[in-house]
Participant: 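After the structure tokens below, expect a handful of questions from me.
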Amino acid sequence: MQKPTLPKGTRDFGPVQMTRRNFIFDTIKSTFQQFGFLPLETPAMENLSVLMGKYGEEGDQLLFKILNNGLYEAKNKEAVKGAFEKSLQQAYTSDLVTERGLRYDLTVPFARYVVMNRNEIVFPFKRYQIQPVWRADRPQKGRYREFYQCDADVVGTNSLLCEAEIVCMMNEILGKLGIADFTIKVNHRKVLSALAEVIGAPGQEGPLCVAIDKLDKIGRTGVEKELSERGFSAEAIRKLEPVFNINGSFTENTAQLQTLFAQSATGQQGLAELSEVVSLVEAFGVQNSHLQFDVTLARGLSYYTGAIFEVKVNNVQIGSISGGGRYDNLTGSFGLPGVSGVGFSFGVDRIYDVMEELQLFPQWNATTTRVMLIGFDAAAQRYALPILRQLRQAGINSELYPDSAKLKKQLDYANSKGIPYVVLIGSNEMETGKLALKNMTTGEQQALSVTEIIKIVAG
RNA sequence: GAGGUUGUAGCUCAGCUGGUUAGAGCGCCUGAUUGUGGUUCAGGAGGUCGCGGGUUCGAACCCCGUCUCCCUCCCCA
């Protein structure tokens with residue numbers, strides 16, 4: 001006999017947690033629908049050829065790969081053995097050993113779906129998707145190996161209205177969840193490219209961002225040190241001066257960068273797009289958009305080409321709870337170029353953790369049962385069955401304690417489940433047809449007909 | 001991938017420089033009350049001290065290995 005355990009980084013969700021999670025899911029789902037998004041689900045596993053190379057080198061390493069079934073009876077045993085050993089030594093993938101993996105996010109499977117169904121889809125296509133994803137990360141606070149993402153994406157339009165609507169949805173959803181103090185950080189891939197270009201290190205925005213991103217953690221000197229370690233010249237670092245000093249309003253930041261990007265058409269375009277997004281959000285009439293232009297924001301996912309978003313709840317431990325951006329060529333890598341998309345994703349598990357830390361969950365009762373019937377003996381239990389059916393048909397969630405246990409035990413059960421009403425049925429009740437309805441909160445009890453009980457319990 | 005930390009009853013945790021039979025609170029079960037829960041009172045059950053090995057007359061405690069939990073870095077939802 002052994003104690004069962006859960007795989008690292010995975011969790012069970014009990015009734016209480018599920019009640020809370022469903023509240024989050026329902027809030028997100030209804031908002032997505034309000035904005036015209038349609039549901040989609042894709043398989044847990046995808047072919048590795050679909051997943052590999054979409055998330056950068058780090059991402060590839062975090063993919064959960066699925067071992068081919070039937071390996072033991074492989075025709076070419078020696079070759080399989082060799083490939084298997086090789087795959088253990090390094091991040092190497094052989095079709096002989098594995099050709100499928102668990103999805104890493106919902107955006108890439110979505111792009112795959114769009115390409116495969118391009119002829120049936122009406123563009124612009126707006127879909128939402130709420131499913132688990134898997135990453136072979138090392139678990140820690142707010143980080144799991146299996147977690148749920150709630151994505152909303154639009155493909156087939158370049159309109160910045162989509163970006164603006166994303167900001168609106170973020171505000172809407174977090175507002176409904178009761179999360180008030182948060183920041184929606186935005187940046188633009190073109191701004192990052194222009195930054196690298198302007199300081200004389202074109203194409204180096206990757207390492208540049210990784211370093212700058214740590215500004216608030218390790219300070220300016222730390223960043224400069226790291227940049228120099230990453231091979232940036234002193235000259236290049238000196239040119240970053242304005243970036244370090246950026247810490248104003250959206251328009252102030254834009255103005256500063258405008259000067260820096262005087263010679264960069266790319267940079268100008270990125271700034272123009274961001275300004276347009278902000279202007280559109282304002283046009284929607286959103287009072288406080290929580291938007292903040294953050295030049296150091298660099299979403300790791302390599303497929304973003306336009307605006308990038310990240311939502312951080314302030315004064316909590318957890319990192320970002322949502323992220324997204326525009327990707328111009330994701331479907332291109334599957335053979336359908338020219339379809340631009342924008343999307344974003346909520347991390348439900350992190351939202352849950354944040355809400356728990358901020359104590360935003362009401363004292364919900366996981367049970368939805370309104371009334372429980374108690375029969376004193378087998379005859380009474382039988383007598384209760386048509387009544388139970390009557391209650392349920394009246395739309396009242398009800399149950400009957402299935403064992404003929406002692407009254408005390410049955411009441412105890414109802415009490416610990418938080419069931420508000422109980423109907424007691426014994427010989428007296430069966431004779432008169434008047435049942436004893438007990439209010440579990442007040443303890444009051446009265447003899448009533450089934451019709452009267454339905455009336456009271458339903459209210 | 002690098003580093004740190006934790007593991008004792010269902011849960012939260014005590015357990016002294018190694019020393020008889022490993023404790024508490026909560027929860028659970030039974031009874032006071034054979035037709036009445038949430039309060040109270042009385043009693044009871046429940047532990048391979050994560051796992052494996054070692055040191056010792058003797059190990060929950062010391063040593064080695066291993067797994068696990070949580071955390072930091074990297075990266076990310």
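Protein chains get the first letters and strands the later ones, always in sequence-line order, with residue 1 at the start of each.
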Participant: Donor-acceptor pair under 3.5 Å: do we get one between A/Arg143's side chain and the base of B/C75?
Facilitator: yes
Participant: Rounding to a whole Å, what distance do you find between A/Arg135:CZ and B/C74:P?
Facilitator: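 Going from CZ in A/Arg135 over to P in B/C74 covers 17 Å.
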Participant: May I ask you to evaluate whether A/Lys8 reaches the phosphate of B/C69, defined as a side-chain N or O under 4.0 Å from OP1 or OP2?
Facilitator: yes
Participant: For A/Leu407 and B/G37, give me the distance from atom CG to atom P, rounded to whole Å.
Facilitator: 7 Å
Participant: If we take the C1' atom in both B/G53 and B/A59, what is their distance in whole Å?
Facilitator: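 Looking at atom C1' only, B/G53 and B/A59 are 14 Å apart.
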Participant: Is a donor-acceptor pair below 3.5 Å formed from side chain A/Glu429 to base B/G35, judging by atom type as modelled?
Facilitator: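 Such a pair is found, so the answer is yes.
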Participant: Identify, between A/Asn428 and A/Phe147, the residue whose nearest nucleotide on RNA chain B lies closer to the 5' end.
Facilitator: A/Asn428
Participant: When the distance from CG of A/Asp153 to P of B/A77 is rounded to whole Å, what number comes out?
Facilitator: 13 Å
Participant: I need the NZ-P distance between A/Lys312 and B/A77, as an integer number of Å.
Facilitator: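 Result: 14 Å.
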Participant: For the side chain of A/Phe376, counting heavy atoms from C-beta on, which of B/C71, B/G35, B/A77 is nearest?
Facilitator: B/G35
Participant: Report yes if a side-chain nitrogen or oxygen of A/Gln410 is closer than 4.0 Å to either non-bridging phosphate oxygen (OP1 or OP2) of B/U36; otherwise report no.
Facilitator: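 For B/U36, OP1/OP2 do not have a side-chain N/O of A/Gln410 under 4.0 Å.
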Participant: In the structure shown, which nucleotide is the Watson-Crick or G-U wobble counterpart of B/G35, with both distances under 3.5 Å?
Facilitator: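 None - no nucleotide pairs with B/G35, as no candidate has both distances under 3.5 Å.
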Participant: Can you find an N or O donor on one side and an acceptor on the other, under 3.5 Å apart, linking the side chain of A/Asn415 with the base of B/G37?
Facilitator: yes
Participant: Let me know the distance between OH of A/Tyr304 and P of B/C76, rounded to the nearest Å.
Facilitator: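 In whole Å, B/C76 P and A/Tyr304 OH are 10 Å from each other.
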Participant: Is it the case that the base of B/G38 and the side chain of A/Asp412 share a donor-acceptor contact (distance under 3.5 Å, atom types as modelled)?
Facilitator: no
Participant: Taking atom types as they are modelled, would you say the side chain of A/Lys438 forms a donor-acceptor pair with the base of B/U36 within the 3.5 Å cutoff?
Facilitator: yes
Participant: Using whole Å, report how far CZ of A/Arg11 lies from P of B/C70.
Facilitator: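 Distance check: A/Arg11 CZ to B/C70 P gives 10 Å.
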Participant: Using whole Å, what does the distance between atom P of nucleotide B/G1 and atom CD of A/Gln61 come to?
Facilitator: 10 Å
